[in-house]
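Below is one structure; the comments refer to it alone.
Atom set for the values below is all heavy atoms of this structure, side chains included, hydrogens, waters and symmetry mates excluded.
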There are 2 protein chains.
Amino acid sequence: MKKTHTPLTRERILAAALHLVDAQGLRRLTMRRLGDALEVEAMAIYHHFPLGKEALLDGLVEHLSAVPVTAAPETDWQERLRTWARAYRDRVAAHPGLLPLLVSRPVRTPATLAATEAQYAACHDGGLRGPAILDAVRTLTGYVIGFVSLEIRDARPANGDAAEGLDARYPHATALRSYATGRDPDDQFEAGLTAVLTGITALAAHPV
Amino acid sequence: MKKTHTPLTRERILAAALHLVDAQGLRRLTMRRLGDALEVEAMAIYHHFPLGKEALLDGLVEHLSAVPVTAAPETDWQERLRTWARAYRDRVAAHPGLLPLLVSRPVRTPATLAATEAQYAACHDGGLRGPAILDAVRTLTGYVIGFVSLEIRDARPANGDAAEGLDARYPHATALRSYATGRDPDDQFEAGLTAVLTGITALAAHPV
DNA sequence: ACCTGAACACCGTTCAAGT
DNA sequence: ACCTGAACACCGTTCAAGT
């Protein structure tokens with residue numbers, strides 16, 4: 001059969017790049033390898049991303065935040081925030097290799113602006129006002145991105161001496177070890193989420 | 001004068017690498033450039049880091065968590081956690097270029113183990129038990145790393161369309177804009193910290 | 001407009017060689 | 001033991017050229 005390739009497009013390039021990162025890691029995302037995956041010379045990518053690899057990486061991060069998460073507005077304000085938090089965690093956890101990009105590249109797309117607006121609205125419905133709303137959203141967002149960061153980071157084995165011997169110098173860590181192995185990550189995320197939402201609610205009572 | 005260089009050492013290499021990252025960013029940390037900074041051929045570094053650049057990057061992350069943060073044990077348990085949180089934030093904020101490494105490379109050194117143990121002890125003193133302690137520490141740690149991640153990320157200008165026009169589609173964002181510009185980051189961090197600690201305390205009452 | 005081929009400056013890393 | 005020099009395979013990117 002002839003080489004009737006579907007035409008190269010920004011979207012196809014981003015999809016292939018995402019696939020490459022998921023499968024082999026960010027370090028192996030290379031213009032040449034990406035070209036191979038698309039059955040095209042590496043230089044062809046520059047025609048769709050004239051600013052080069054940096055722009056492509058920005059595109060990946062935007063891609064991750066492209067579809068906005070918005071719960072039905074009639075539900076409880078805390079439940080709406082919970083829905084966003086779960087969806088965001090799932091999304092990031094699905095592409096752990098992108099985390100280093102996510103924490104270093106700011107994105108302001110209609111999707112992210114809409115998501116933030118929805119969070120503000122939820123907090124407003126919860127009785128928060130002014131700076132308390134900003135603090136609440138920052139706290140929640142911080143918790144979520146931080147939690148998934150810890151999850152992704154600790155999924156890799158640590159290379160620090162491999163000193164697994166939790167000796168007598170760490171009595172609490174030793175005592176908690178049995179709980180640690182059995183703790184379900186989803187439950188833990190929910191517990192922290194509950195804690196944060198509880199604390200956020202209290203922000204209304206104690207303005208800074 | 002003769003070339004009486006102080007001998008190359010792991011510590012000197014890491015210090016130079018950290019300096020390079022702080023000054024020029026992670027992308028410009030290169031074995032050859034690092035060699036130049038140390039007035040040595042790049043290949044000399046491999047004698048002190050036989051596993052190459054990956055090991056060097058791990059070393060940088062360890063370096064960041066090297067000095068443990070431990071508050072006086074007699075102070076209030078929440079205040080101890082606050083002290084740790086502030087110190088950790090300061091430390092990470094001092095080297096924003098390392099953040100991508102920090103979220104992707106786990107570290108288990110005596111210093112980090114000691115810090116975790118101190119956090120467990122504080123939560124225990126606060127009346128938490130078992131899984132609630134694990135959840136509390138994870139939640140707090142997640143918040144702190146997430147908050148600084150957002151700070152560092154948003155310090156760079158976003159490249160998404162530069163659509164600054166907060167139009168009528170985002171009424172809350174528009175209304176909150178005046179507060180947003182004036183909000184002190186330190187105050188906001190403290191507000192979130194208070195919220196998280198409040199929520200954490202409630203974890204004792206509502207075990208999962 | 002869209003892609004290719006060759007070229008350039010720069011990587012990380014190896015290996016034999018120097019001292 | 002500690003560092004150098006040359007070499008290898010691989011990067012991102014430019015640019016003239018093809019169609």
Could you pull out all donor-acceptor pairs under 3.5 Å where a side-chain atom in residues 43-54 of chain A meets a protein atom, sequence neighbours excluded?
residue, atom, partner, partner atom, Å
A/Lys53, NZ, A/Leu29, O, 2.8
A/Glu54, OE1, A/Arg105, NH1, 3.4
A/Glu54, OE1, A/Arg105, NH2, 3.0

Under 3.5 Å, sequence neighbours excluded: what are the donor-acceptor pairs made by side chains of residues 18-27 of chain B?
residue, atom, partner, partner atom, Å
B/Asp22, OD1, B/His95, ND1, 2.9
B/Asp22, OD2, B/His95, ND1, 2.7
B/Gln24, OE1, B/Arg28, NE, 2.7

Task: pair A/Gln119-A/Arg138: side-chain heavy atoms closer than 4.5 Å - done: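 With C-beta onward as the side chain, the pair stays apart.
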TODO: Nearest whole angstrom, please: distance from the C1' of D/dC3 to the CD of B/Glu39.
DONE: 15 Å
Open item on the list: Expressed as a whole number of angstroms, how long is the span from A/Ile45:CD1 to C/dT4:P?
Closed with: 10 Å
Residue list, side-chain contact (heavy atoms from CB on, under 4.5 Å) with [X], at least two apart or on another chain:
X	value
B/Ala85	B/Val144, B/Phe189, B/Leu193
B/Ser104	A/Pro100
B/Leu134	A/Leu176, A/Tyr179, A/Ala180, A/Gln188, B/Tyr120
B/Ala115	B/Trp84

- [ ] Name all pairs fulfilling the salt bridge (Lys or Arg N to Asp or Glu O under 4.0 Å) condition that reach into residues 78-87 of chain B, sequence neighbours left out, sorted by first residue then second.
- [x]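 Every salt bridge (Lys or Arg N to Asp or Glu O under 4.0 Å) pair that includes a residue of residues 78-87 of chain B, provided the two are not neighbours, is B/Glu79-B/Arg86, B/Arg80-B/Asp125, B/Arg82-B/Glu190, B/Arg86-B/Glu190.
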Open item on the list: Of the listed nucleotides (C/dC3, D/dG5, C/dG5), which one gets closest to any side-chain atom of B/Glu41?
Closed with: D/dG5
Task: Side-chain N,O (B/His47) to OP1/OP2 (D/dT4) below 4.0 Å - done: no
Open item on the list: I'd like to check the side-chain hydrogen bond (donor to acceptor under 3.5 Å, both in side chains) partners of A/Arg153; sequence neighbours left out, ordered by chain and number.
Closed with: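 Applying side-chain hydrogen bond (donor to acceptor under 3.5 Å, both in side chains) to A/Arg153 gives none.
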- [ ] Report the residues that fulfil side-chain hydrogen bond (donor to acceptor under 3.5 Å, both in side chains) with B/Asp90, sequence neighbours left out, ordered by chain and then residue number.
- [x]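 Scan of B/Asp90 (side-chain hydrogen bond (donor to acceptor under 3.5 Å, both in side chains), adjacent residues dropped) gives none.
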- [ ] Taking only heavy atoms on the protein side, list every residue of residues 13-25 of chain A lying under 4.0 Å from any atom of DNA chain D, sorted numerically.
- [x] none
Open item on the list: Across nucleotides 6-19 of chain D, 5' to 3', mark each nucleotide with B, S or - according to how protein heavy atoms within less than 4.0 Å reach it.
Closed with: BB---BBBB-----
Open item on the list: Give me the stems containing DNA chain D, sorted by first residue, counting only three or more consecutive Watson-Crick or G-U pairs with both distances under 3.5 Å; say none if there aren't any.
Closed with: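 If one scans DNA chain D for consecutive Watson-Crick or G-U pairs, the stems found are C:4-8 with D:12-16, C:12-16 with D:4-8.
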